[in-house]
Amino acid sequence: MVLLVLAIFGGAFARAASEASKKHPPAKSSATSGEPRRAPVAKPIKTKTKKGRRPNSFKSSSTKFAATKPTTTRTTSKSISTPTTHRRATLRAASISLGSREVITSRIMRTLANPRLGIENPAALHAFFDQLHQLQADPKGQLIRVIQFGDSHTAADIFSGALRTLFQNKFGDGGAGFSYPGYPFAGYHIHGTKRAQSTGWSVLGTHLSDIGDGMVGMGGVSLSTDAAGNWVSLDAEASSLQIQYLIQPNGGSIEIRDNDTLLATISTAKADPSAPDAAGQFGVPVEPGPHHFEVLTIDQAPVRLLGLSTENSYGVTYEAAGINGAEASLFLRWNQALQQPLLAAVNPALIVLAYGTNEASDSNWTEESYAAMFQRIIERIRIATPNASILVIGPPDRALRAGRRAWRPFTGVDRIVAAQRSVCRKMNCAYWDQRSRMGGLGSMVDWVSVSWAQPDHTHFTGEGYNELASALFADITQQYDTSEPALTRTDSETK
């Protein structure tokens, strides 16, 4: 009887285990399944708490900076990797024969190298090219700044990070330039820097449906606190540091430190309470090399940080101000009176606008309404930086799901490309048709199949962003190499 009971229970248990294994099969290990390993999702890690100075720890994309042994390294554009996983993209690529993969890759590379698909209206970049010529003639003569505003393609700083490396390898390392304060959203990082913050900050600018008073500074994101003891840190190689902050009624004071050395104590309060809120800027030179900068609030009073910038004395910066999910119209919701002096002070030689992915799926935009809005952005930029060249990067190709496994080309990009191109012609801006560079309508499926784009058929992998950045840089430098340097007065007299 006992044996019969055990047999009955044993059989039931075996059936239950079998059913469970069908519903939840064990995960395959990449080591045994033959899949190449991919980097895990970039997750912030905790920084150590300094006694009496950091009341809270916050998960950050950075590790603690080692003053005695700097760990900052330089990378080539090919070494910049995406912070997201690509397991499904890898599996899809693995299902393609090696021959097919080579054919598709070759087709993409031919399109990327096609000189007829380069910069449209390159004459709009001549002011930028003139500064590059001057820098090449005198490599330690000046610092040239490039700023790219955009959506998630910019926020990842893979595409822009690759361009930063390419420009700096050719023209000199001007540093990382502008970045948002602290760690305002998950996955935020600027290549070549590390960052962290305490937990007591409120972020404004990343919740696109509600950006509050719009006082978000030059790049569209700010951090605020009313408490003492909150901090942000930034590790970077630089010869100067700049802090951008809001001057407001009863504003608190901040300490600015470099490797625990106090550089300054700054009040963010208005001298005249009746004056409007304004942008404050504090800059200080530092010894060239690696630094660990900290900004610490010391009062129970409001403080709002708008940005930090680390630069070298000469070379080129390529600065990224991207926000996940952003549409170009967000630019017009930032307080202009606050943004304008900050942008003017930076005095960029080139401003890059990289929007359109999110607008393409927004049915509220027609070609005409989008063009009118986009023109207002160009006009606003020209008010703040009349001497800057402007380059517009069109949205990439996309595909939408059509069934469980099928994808169809997304034609919504058409009206955005047409609107942007028409505004660039009217407003004398250069244009780079990213979708055409990829291979045109429907090309995204090819990019996914060779693991150069992610399974969402909207974003790219590290390899894809690097290839696009290399193509854009080649198109820019092709035009630069054929441009003539502007004549100086001495040159014109001798000729």
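All of these numbers come straight from a predicted model, not from anything done at the bench. Atom set for the values below is all heavy atoms of this structure, side chains included, hydrogens, waters and symmetry mates excluded.
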With no hydrogens and no angle check, is any side-chain donor or acceptor of [X] less than 3.5 Å from a backbone partner on [Y]?
X	Y	answer
T385	R382	no
Q300	A227	no
S239	S313	yes
Q168	V316	yes
T193	H189	no
T317	E319	no
D397	S443	yes
D226	A301	no
T261	R257	no
N121	C429	yes

Roughly how far, to the nearest 0.5 Å, is [atom2] of [Y] from [atom1] of [X]?
X	Y	atom1	atom2	answer
L305	T225	CG	OG1	9.0 Å
L112	D475	CG	CG	9.0 Å
T297	L223	OG1	CG	11.5 Å
H126	L132	NE2	CG	11.5 Å
S222	I211	OG	CD1	9.5 Å
I476	L350	CD1	CG	6.5 Å

Is there side-chain contact between [X] and [Y], with at least one heavy-atom pair below 4.5 Å?
X	Y	result
R304	Y245	no
E359	R415	no
L342	Q281	yes
Y180	I323	yes
P348	V146	no
M444	T458	no

Pairing residues for [X] by the salt bridge (Lys or Arg N to Asp or Glu O under 4.0 Å) criterion, not counting sequence neighbours:
X	result
E120	R421
D277	K270
R380	none

In plain terms, say whether [X] and [Y] are close enough for a salt bridge, that is, a side-chain N and a carboxylate O under 4.0 Å apart.
X	Y	result
D210	R333	no
D456	R398	no
E311	R145	yes
R435	D414	yes

What pair of heavy atoms forms the shortest contact from [X] to [Y], and how long is it?
X	Y	result
A430	I119	CB-CG2, 3.9 Å
L125	I390	CD2-O, 4.3 Å
S198	N230	OG-OD1, 2.9 Å
Q434	G394	NE2-O, 2.9 Å
H133	S483	NE2-OG, 3.0 Å
S152	N324	CB-OD1, 3.3 Å

[X] and [Y]: side chain donor to acceptor below 3.5 Å:
X	Y	answer
Q134	Q136	no
Q148	Y318	yes
H153	T357	yes
H291	D258	yes

Exercise. Checking side chain to side chain donor-acceptor pair (under 3.5 Å) against D235, which of H292, K194, R195 comes through?
Worked result: H292
Verify the ring-centre separation between [Y] and [X]: is it less than 6.0 angstrom?
X	Y	result
Y183	Y188	no
F460	W452	no
Y355	Y370	no

For this session: Check the pair D157, S160 against side-chain hydrogen bond (donor to acceptor under 3.5 Å, both in side chains), reporting the backbone distance first and the verdict last.
Result: CA-CA 5 Å; D157 196 42; S160 51; 2.6 Å; yes
Exercise. What do the steps show when you test I147 against L343 for side-chain contact (heavy atoms from CB on, under 4.5 Å), and what is the final call?
Worked result: CA-CA 10 Å; I147 304 177; L343 197 55; 4.1 Å; yes
Exercise. Which is it for D272 and S274 under the side-chain hydrogen bond (donor to acceptor under 3.5 Å, both in side chains) test, yes or no, and what are the steps along the way?
Worked result: CA-CA 5 Å; D272 179 3; S274 63; 2.7 Å; yes
For this session: Could you walk me through whether Q242 and T310 pass side-chain contact (heavy atoms from CB on, under 4.5 Å), step by step?
Result: CA-CA 7 Å; Q242 185 188 74; T310 51; over 6 Å; no
For this session: Might you confirm whether atom OH of Y431 has over 12 heavy atoms from other residues, nucleotides or ligands at distances under 6.0 Å?
Result: yes
Problem set entry | N250 atom CG, neighbour heavy-atom count above 12 within 6.0 Å | no
For this session: Could you go through the ring pair (Phe, Tyr, Trp, His ring centres under 6.0 Å) check for F331 and F374 one step at a time?
Result: CA-CA 10 Å; F331 197 97; F374 205 73; 9.6 Å; no
Exercise. Does the pair E327 and W365 meet the rule for a side-chain hydrogen bond (donor to acceptor under 3.5 Å, both in side chains), with working shown?
Worked result: CA-CA 11 Å; E327 296 186 2; W365 293 113; 2.9 Å; yes
Exercise. What is the ring orientation for F149 with W334, classed by angle as parallel under 30°, tilted 30 to 60°, or perpendicular over 60°?
Worked result: tilted
For this session: I would like to know whether Q454 and T461 meet side-chain hydrogen bond (donor to acceptor under 3.5 Å, both in side chains); could you show each step before the answer?
Result: CA-CA 6 Å; Q454 297 189 32; T461 62; over 6 Å; no
Exercise. Where do L400 and H457 land on the side-chain contact (heavy atoms from CB on, under 4.5 Å) test, with the steps shown first?
Worked result: CA-CA 7 Å; L400 299 181; H457 288 66; over 6 Å; no
